[in-house]
Amino acid sequence: MDADHAPARAVVVDPEGDSFLVREGERSLRVDAAGLAAVVLARRDDPRWVWDTPRVYPVLLAAGVRVGRAWDLRLARAVLRRAAGTPEAAAWPRDEWDDPALAADDGALGIDVAPTPPAAEEHRRQLSLLEGAERPGALRLLITAESAGALAAAEMRVTGLPWSASEHLRVLDGLLGPRPTAGARPARLEALVEEVRAALTAPALNPDSPVELSRALRLAGIAVASTRADDLRRVEHPVVAPLLAYKKLARLHAANGWHWLDAWVRDGRFHPDYVVSGVVTGRWATRGGGALQLPRQIRSAVVADPGWCLVVADAAQLEPRVLAGLAHDRAMATAGHGRDLYDGMVASGAVADRASAKVGMLGALYGATSGDGGRLVPRLAQRFPRALALVEQAARDGERGGTVHTLLGRGSPPPGAAHRAAIAAGGGVEADDALQRRARAAARDRGRFTRNFVVQGTAAEWALCWLADLRQRLWLLGDGELAERPQLVYFLHDEVIVHAPVALAAEVEAAVRAAARTAGRLLFGDFPIDFPLDVAVVERYSDAG
DNA sequence: CCCAAAGGCCAC
DNA sequence: AAACGTGGCCTTTGGG
C-alpha cells in the first residue's frame with residue numbers, strides 16, 4: 001500500500017453543477033468532465049485525489065481514466081465521527097458529508113443540520129482532527145484503505161463481473177422449466193405447488209404465504225415452530241419433500257431468475273452497486289442486485305472471457321486468525337501456522353475434531369451460550385485464553401453500554417435509544433421481573449454485537465488492505481487500456497475474483513498472495529499470524545473451492 | 001396508492 | 001422463552 005511512500009500531494013475535486021472545481025493548495029481551476037480527465041491524465045506524480053468517490057470517479061472511468069489513490073471525504077467523515085480521541089468530530093452537526101440526502105433546510109424539521117463545507121475545507125478539518133486523535137497513523141491507514149476500496153468498487157461496477165447469460169438461462173430452464181409469461185409460475189414450480197396442495201388437502205394454498213402455509217400445516221396435523229426450511233426438515237410427512245423443493249426453487253426464481261438477468265446483466269457483465277462500508281462494522285453492502293448473496297446454484301454463469309481466466313481467492317478462516325492477531329494469542333497463531341486453523345486447533349488437543357473447532361470458534365465470535373457452539377467455547381478458552389478473553393472483554397464493554405474499537409480505530413455506534421430505555425426501565429425502583437429480564441436481554445444483545453464488532457470490523461480492515469494492495473499490484477502487472485489489464489471483478493468480505501489473461505494467471509496468483517502478506521503486516525506488524533489463501537484459477541466461478 | 005414490518009432465505 | 005454476529009432482498013400483509 002501507499003503507506004510506505006512519501007506523503008502524496010492532495011488535489012481536491014468538488015463537483016459544482018456540470019463542472020468540477022479542482023483545487024491544489026491555493027490554486028484552483030474549473031473544468032468540465034473532459035477537462036477533469038485531462039487534468040488527471042496530465043499528472044505524473046500520482047497525487048491523492050480528495051473527493052466523494054461515487055460522485056466524481058465514475059466520470060473519469062467513463063473517459064477511461066484511472067487514478068492511483070484517493071481520500072474519500074464521506075468515508076473519512078464516518079470513521080472520524082466514531083474514532084477514539086476525536087470527540088470534536090462526534091459533536092459536529094450533521095451535514096451532507098454525512099448523508100447526501102440531508103439538505104440544510106432539514107434544520108426546520110428539528111434535525112441539527114449545518115451548512116455543508118466545501119470539499120477543500122472539509123479535508124483541512126479532517127486532517128487537523130486526525131492530528132489530535134489517539135492513533136492518527138492507524139486512522140490514516142484505515143481511511144486510505146477505505147478510499148482505495150471506494151476506487152476499486154467504482155471500477156468493479158464499471159467493469160462488471162463476466163456473466164454468461166446463456167449459462168444462466170440453461171440453469172433456469174433445467175431447474176424451473178421454460179420462462180413463463182410475466183407474473184406466472186414456471187412449470188416446475190407449478191407442479192410442486194400442486195404436490196404440496198395435494199399432500200395437505202389444501203387446494204387453494206399459496207405456499208409463498210407463511211400465514212396460509214402455517215395454517216394448512218396445522219390443519220394437516222403437522223406441528224412446526226415455523227414454516228422455515230430448518231424446522232420443516234425435522235418433520236416426517238409427504239409434504240416436506242415437495243415443499244422444501246418448492247422453497248428452494250421459488251427463491252431462485254424470485255431473487256436470481258429471468259427478471260434479475262434482465263435487470264442486472266448487460267453485454268455479458270453483471271454490474272453490482274457496492275456500498276463501501278455500508279455495514280456498521282465496515283463491511284461492504286450492495287444496493288440492488290444482491291451481489292453479496294450470489295447463490296451457489298448460479299455461480300456457473302460467472303465465466304471468464306475466451307483467453308482469460310478467473311483467479312478466485314479467499315482468505316482461510318479469516319475472522320479467527322484476525323482474533324488471534326488482535327489478542328496476540330500465540331497458541332492460536334501457532335495452531336494456524338502453515339495449515340488449516342481448525343485442524344491445528346484439533347492437533348493442539350483443544351477439541352476432538354475439525355467440525356467442533358469451527359462450531360466452537362464461531363460460537364465464541366457470535367456469543368453462543370447454548371447448543372454445540374456454546375458447549376465448546378469453554379474448551380477453547382482453556383487452550384486459547386488470550387483470544388477468548390478479548391472477545392469476552394468486548395462483550396462486557398458492550399453490556400455496560402460502552403463502545404468498542406477495531407484494530408485501526410473504527411468505533412462501534414453507541415447504544416440506541418430503545419436499548420438505553422430498556423436498561424433504564426430494568427434498573428428502576430419499580431422494575432418487576434419482566435422489566436429486569438428485558439434489561440438483561442438488551443444488555444446481552446448489545447454484548448453480542450460489540451463482541452462480534454471488533455472481530456468482524458478488523459477482518460474487514462484486513463480485507464480492505466488486501467484489496468487495496470492487490471489493486472495496485474494488478475495495475476503494475478498489465479499495460480495498455482484498463483480493459484486489457486488483469487482486473488478485480490468481485491469482492492465478497494474475504495474473497496476476491498480477478499479476471500485476467502490466461503498468460504498472466506501465475507503472476508496474478510502471486511500478486512494476490514503477496515497482497516495478503518502485506519495486509520497481515522500492515523495490521524499486525526511482526527506478530528506471527530499468517531493469512532493463507534485458497535486460490536483457484538478457473539474458467540467458471542463454480543469450479544473454485 | 002404507498003410504505004413498513006414480518007417471515008423467510010441467500011451470502012459471509 | 002429464548003437461544004449465535006453482519007447484512008440484502010423477496011413476498012405477503014396490513015395500516016395509513
Side-chain angles (χ1 to χ4, degrees), chain A residues 183 185 205-215 224-233 243-244 246-257 259-260 263-264 272-275 277-299 314-320 322-323 358-377 391 394-395 398 404 406 410 412-413 433-434 437-438 440-442 444-460 463 490-496 541 545:
Chain A
R185 274 200 186 96
L205 172 69
N206 173 12
D208 293 328
S209 164
V211 174
E212 283 188 38
L213 183 56
S214 187
R215 180 181 142 81
V224 281
S226 77
T227 61
R228 286 200 310 265
D230 275 351
D231 285 334
L232 291 169
R233 253 185 282 275
L243 185 50
L244 290 175
Y246 174 82
K247 281 172 168 283
K248 188 82 182 159
L249 294 177
R251 159 87 191 185
L252 173 67
H253 177 232
N256 295 99
H259 179 70
W260 181 91
W264 290 96
D273 191 2
Y274 292 107
V275 184
S277 200
V279 177
V280 64
T281 55
R283 275 187 176 183
W284 292 13
T286 53
R287 212 166 4 223
L292 303 182
Q293 306 134 259
L294 276 187
R296 293 182 179 279
Q297 282 166 311
I298 57 164
R299 291 187 177 184
D314 74 281
Q317 307 97 37
L318 177 58
E319 291 193 355
V322 159
L323 173 57
K358 182 171 180 175
V359 167
M361 199 61 237
L362 293 177
L365 295 178
Y366 295 161
T369 56
S370 63
D372 292 339
R375 264 198 304 283
L376 288 160
V377 170
V391 284
V404 293
T406 60
R410 183 190 307 283
S412 66
D433 278 1
R437 238 188 344 263
R438 209 166 316 158
R440 280 196 298 274
R444 278 196 303 270
D445 287 349
R446 175 88 197 151
R448 284 194 302 277
F449 166 66
T450 51
R451 167 196 295 269
N452 190 247
F453 182 94
V454 292
V455 179
Q456 188 181 115
T458 304
Y490 192 56
F491 176 58
L492 180 61
H493 306 314
D494 60 359
E495 177 171 348
V496 297
Y541 190 15

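Residue numbering restarts at 1 for every chain, and letters A, B, ... go by the order of the sequence lines.
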Show the numbers, then the answer: is there a side-chain contact (heavy atoms from CB on, under 4.5 Å) between A/N256 and A/Q297?
CA-CA 10 Å; A/N256 295 99; A/Q297 282 166 311; over 6 Å; no

Any chance you could lay out the side-chain contact (heavy atoms from CB on, under 4.5 Å) test for A/D208 and A/Y246, step after step, and finish with the verdict?
CA-CA 9 Å; A/D208 293 328; A/Y246 174 82; 2.9 Å; yes

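Nucleic acid contact class of A/L294 (heavy atoms, under 4.0 Å, all strands): sugar-phosphate only. Residue A/A441 is classed as having no contact, given no heavy-atom separation below 4.0 Å to the nucleic acid. Nucleic acid contact for A/R437: none, since no nucleic acid atom lies under 4.0 Å from a heavy atom of the residue. Backbone-only contact: A/R448 has heavy atoms under 4.0 Å from sugar-phosphate atoms and none from a base. Residue-level contact check: A/L365 touches neither bases nor backbone, having no heavy atom under 4.0 Å from any strand. Across all strands, A/R299 comes closer than 4.0 Å only to sugar-phosphate atoms, never to a base (heavy-atom distances). Among the heavy atoms of the strands lying under 4.0 Å from A/G367 are primed sugar atoms or P, OP1, OP2 only; no base atom is included.
Between the C1' atom of B/dA11 and the CG atom of A/L492 lies a distance of 6 Å, rounded to the nearest Å. Spacing between atom CG of A/D372 and atom P of C/dC4 amounts to 12 Å, rounded to whole angstrom units. One interatomic measurement links the two molecules: CG of A/D230 to C1' of C/dC4, which rounds to 14 Å at whole-angstrom precision. Separating the CG atom of A/L249 from the P atom of B/dC10 is a distance of 11 Å, rounded to the nearest angstrom. Atom-to-atom, OH of A/Y246 to C1' of B/dC9 comes out at 13 Å; the value is rounded to the nearest Å. Going from atom NZ of A/K358 over to atom C1' of C/dC4 covers 15 Å, rounded to whole Å. Counting to the nearest Å, the C1' atom of B/dC9 and the CG atom of A/L252 are 12 Å from each other. The CZ atom of A/R375 sits 18 Å away from the P atom of C/dA3 (whole-angstrom rounding).
Comparing the same atom, P, in C/dA2 and in B/dA6 gives a spacing of 14 Å after rounding to whole Å. Nucleotides C/dA1 and B/dC9 are separated by 24 Å at their C1' atoms, to the nearest Å. Rounded to a whole angstrom, the distance from the C1' atom of C/dC4 to that of B/dC12 is 15 Å.
By the 4.5 Å heavy-atom criterion applied to side chains, A/T369 and A/R444 are not counted as neighbours. For the pair A/P413/A/F449, a side-chain contact is recorded, criterion being any heavy-atom separation below 4.5 Å from C-beta on.
Here the closest non-hydrogen pair linking A/T450 and A/A395 is OG1-CA, 3.9 Å. Residues A/W260 and A/A255 come closest through the heavy atom pair CD1-O, 3.3 Å. In plain terms, the two heavy atoms of A/R446 and A/G398 that are nearest each other are CG-O, 2.9 Å.
Taking every side-chain heavy atom of A/P295 into account, B/dA11 is the closest of B/dA11, C/dT6, B/dC9. Of the candidate nucleotides B/dG8, C/dC4, B/dC12, C/dC4 has the atom lying nearest to any side-chain atom of A/S370. Considering only side-chain atoms of A/N452, the nucleotide from C/dA3, C/dT6, B/dC12 that sits closest is C/dT6.
Separating the CG atom in A/D494 from the CD atom in A/Q317 is a distance of 10.0 Å, to the nearest 0.5 Å. Going from atom NZ of A/K247 over to atom CG of A/L232 covers 6.0 Å, rounded to the nearest 0.5 Å.
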Mark up nucleotides 7-15 of chain C, 5' to 3', with B wherever a protein heavy atom is under 4.0 angstrom from a base atom, S wherever such an atom reaches only the sugar-phosphate, and - elsewhere.
BBSSSSS--

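Each end of the helix from B/dC1-C/dG16 to B/dC12-C/dG5 yields a helix axis from five base pairs, and these two axes differ in direction by 10° (to the nearest 10 degrees).
For A/S226, no side-chain nitrogen or oxygen approaches OP1 or OP2 of B/dG7 to under 4.0 Å. For A/R440 and C/dA2, the shortest distance from a side-chain N or O to OP1 or OP2 is not below 4.0 Å. Between A/K247 and B/dG8 there is no side-chain N or O to OP1 or OP2 distance below 4.0 Å.
Using a distance-only test at 3.5 Å, with no hydrogens or angles considered, a donor-acceptor pair links the side chain of A/N452 to the main chain of A/L365. In this structure, the side chain of A/R451 engages the main chain of A/A364 through a donor-acceptor pair within 3.5 Å.
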